[in-house]
Amino acid sequence: MAGTVIPFGPQHPVLPEPLQLKLVVKDEIVEEAVPQMGYVHRGLEALVKVKDFKQMTQVVERICGICSSIHGLTYCLALEELMGVQPPPRADYLRVAWSELHRVHSHLLWLGLFADALGFESLFMQYWRIREKVMDIMEATAGNRVIISVNVIGGTRRDIDEAQRKWVLGLLDEMEREVKATERALLHDYAVKRRTVGKGVLTREQAYDLGAAGPTLRGSGVAQDMRQLGFCAYKEVGFEPVVEHDGDSWARAKVRYRETLQSIELVRRALAGLPAGETMVKAKGKPPAGELVVRSEQPRGELLYYVKTDGSKNLERLRVRTPTFANVPPLVVMLPGLELADVPVVVLSIDPCVSCTER
Amino acid sequence: MLQAQTEINKDDLRRLGQQCKDDGWRLVTISAVDLGERVELIYHFDKDLALKHLRLTVGPQETAPSLSPVYLAAFLAENEIRDQFGLAFQGLAIDYQGYLFLEPGVECEAICHGASARLVGADAKEDE
């Protein structure tokens with residue numbers, strides 16, 4: 001390789017995740033980028049051999065702390081389909097509420113890190129202060145701030161009572177006002193736009209052909225979101241994907257900002273439409289032999305679970321394809337041609353989650 | 001059995017992969033399953049939220065053709081399968097030579113054999 005090789009990561013002040021990129025640089029311009037991983041690989045998929053199918057719910061929740069609940073949800077959806085278990089309607093609405101709260105907290109976390117990467121520390125603190133309200137809701141309704149463990153095969157093991165519901169709706173109104181108050185600073189600031197508009201452009205065709213997912217895909221104009229599949233109560237609460245068309249870092253930031261507000265509204269609708277009844281049915285016996293692919297939408301994009309069972313209490317195979325696993329190859333295409341100083345913000349713009357990627 | 005799946009052989013993979021790309025299908029990922037002596041590869045494609053799958057079985061001591069000349073993103077999944085299942089791919093766009101997740105010098109067996117990693121030079125600890 002010609003040029004200078006500069007390792008970006010796995011430790012970098014701006015990079016929140018342990019991902020290394022070997023950048024081949026000539027005159028401050030990136031010519032080539034090769035990702036290096038393996039810093040947090042735990043081999044969680046191999047645990048299917050020692051943990052039974054019920055215990056694996058706790059394992060998959062720990063693939064990632066930021067989108068833990070949606071990992072648990074997707075796994076439970078797969079096992080429910082294999083076992084022919086139909087959760088009660090109340091569980092479907094609760095799952096939507098907790099999943100969208102996870103999306104809100106994840107996007108607020110990212111918006112804060114994004115602001116921090118641009119040197120906008122006060123905006124970073126502002127977003128993380130708003131995010132604390134979501135963590136308070138998680139703690140009050142599920143018992144934990146981060147890994148909430150509400151999803152079980154057959155429904156949810158916690159419920160939201162009427163007093164909590166009203167309290168959460170009040171907090172959602174506050175959060176919405178506070179997030180909207182940051183719009184001008186995030187999306188219309190001259191310095192932010194100079195660092196993000198036209199940087200790390202991924203065209204619509206590239207995003208689709210490279211298998212990008214989530215806001216990385218929707219920021220390039222592809223209106224695809226796995227919530228359109230209508231699992232849980234998404235069909236009932238009504239949902240349309242948030243799309244921008246410029247394909248640059250600014251477009252991806254705008255998608256996440258708008259999705260934060262959309263998710264607040266979806267939580268409102270889910271809580272408003274909560275049907276009465278139980279939150280869980282008992283899933284008896286073991287899953288029959290079979291295989292299945294189930295998809296859902298994490299904050300970072302499409303999540304795929306491939307599950308294969310052989311009729312025993314242990315799964316034969318569990319394959320998890322997380323959205324950052326899909327968004328790392330587009331980085332290989334996005335980074336060449338950029339100035340070295342633009343690399344951190346563009347890498348951050350795909351919202352990397354390496355614990356998800358490596359499992 | 002998955003819905004909308006087709007069993008294929010190695011020689012057809014790139015041709016069918018190119019056909020999928022030309023028809024507007026997006027490669028979602030590649031799953032690998034240990035079948036004992038053989039490894040099964042399942043290629044998952046998506047178009048307008050619908051899924052379809054190509055299944056390819058590779059025998060012992062065989063290599064599989066890489067799909068990365070057609071779908072560049074395949075290189076990451078194929079390198080991971082190399083690490084975890086010991087299956088080599090021909091024509092990888094970026095080849096980590098079996099060290100995507102692990103450092104050279106770490107001895108381990110592939111995930112499909114179920115053994116734990118054994119660190120070279122450190123206290124060895126075998127799982128039964």
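The sequence lines fix the lettering, A, B, ..., with proteins before strands; numbering per chain opens at 1. Computed from heavy atoms alone, side chains included, the values below leave out hydrogens, waters and symmetry copies.
Proximity to chain B (any heavy atom under 4.5 Å) is restricted, for Val333(A), to the side chain, taken from C-beta onward. For Leu27(B), the part sitting under 4.5 Å from any heavy atom of chain A is the backbone (N, CA, C, O) and nothing else. For a residue to count as touching a neighbouring chain, one of its non-hydrogen atoms must lie under 4.5 Å from one of that chain's; by this rule Leu292(A) touches chain B with the backbone only. If you measure heavy-atom distances from Val328(A) to chain B, the contacts under 4.5 Å come from the side chain alone. In this structure, the portion of Ile30(B) lying under 4.5 Å from any heavy atom of chain A is its backbone and not its side chain. Of the two parts of Tyr39(A), neither the backbone nor the side chain holds a non-hydrogen atom closer than 4.5 Å to a non-hydrogen atom of chain B. Proximity to chain B involves both the backbone and the side chain of Pro35(A), based on heavy atoms less than 4.5 angstrom apart. There is no contact between Arg42(A) and chain B, counting heavy-atom distances below 4.5 Å. Only the side chain of Glu80(B) comes within contact range of chain A, judged by heavy atoms closer than 4.5 Å. Of the two parts of Ala74(B), neither the backbone nor the side chain holds a non-hydrogen atom closer than 4.5 Å to a non-hydrogen atom of chain A. The contact between Ala212(A) and chain B is made entirely by backbone atoms, counting heavy-atom distances below 4.5 Å. Residue contact with chain A, scored on non-hydrogen atoms closer than 4.5 Å, involves the backbone of Asp48(B) exclusively. Contacts between Tyr208(A) and chain B at a heavy-atom distance below 4.5 Å involve backbone atoms as well as side-chain atoms.
Interface remark: of the candidates Ala289(A), Pro329(A), Ala213(A), Gly211(A), Pro329(A) forms the most heavy-atom pairs closer than 4.5 Å to chain B. With chain A as the partner, the residue from Val33(B), Val70(B), Ile42(B), Leu51(B) showing the most heavy-atom pairs under 4.5 Å is Leu51(B).
At least one donor-acceptor pair under 3.5 Å links the side chain of Lys47(B) to the backbone N or O of Asp23(B). Judged by distance alone, the side chain of Gln55(A) and the main-chain N or O of Asp52(A) form a donor-acceptor pair under 3.5 Å. The backbone N or O of Tyr96(B) lies less than 3.5 Å from a partner atom in the side chain of Asn79(B), making a donor-acceptor pair. Judged by distance alone, with hydrogens and angles left aside, the side-chain atoms of Ser296(A) form no donor-acceptor pair with the main-chain N or O of Thr74(A) at under 3.5 Å. Remark: side-chain polar atoms of Glu78(B) are paired, donor with acceptor, to backbone N or O of Leu67(B) under 3.5 angstrom. Counting only distance, with no hydrogens or angles, the side chain of Glu80(A) and the backbone of Val85(A) share no donor-acceptor pair below 3.5 Å.
For the residue pair Arg252(A) / Ser349(A), a side-chain donor-acceptor distance below 3.5 Å is found, with atom types taken as modelled.
Here Glu291(A) pairs with Arg55(B) in a salt bridge; the nearest charged N to carboxylate O distance falls below 4.0 Å. One finds no salt bridge joining Lys22(A) and Glu32(A) here, because no Lys/Arg side-chain nitrogen approaches an Asp/Glu carboxylate oxygen to under 4.0 Å.
Along residues 221-234 of chain A, the residues that come nearer than 4.5 angstrom to chain B, judged on non-hydrogen atoms, are Gln224(A), Asp225(A), Met226(A), Gln228(A), Leu229(A) in order of number.
Checked against Glu45(A) for a salt bridge (Lys or Arg N to Asp or Glu O under 4.0 Å), the options Lys51(A), Lys308(A), Arg317(A) give a single hit: Arg317(A).
Using a 30° and 60° split on the angle between ring planes, His44(B) and His53(B) fall in the perpendicular class, above 60°.
Seen from the ring of Phe325(A), Arg319(A) counts as a face-on cation partner, given the 6.0 Å and 45° thresholds.
Under the rule for a side-chain contact (heavy atoms from CB on, under 4.5 Å), Pro336(A) has no partner lying at least two apart in sequence or in another chain.
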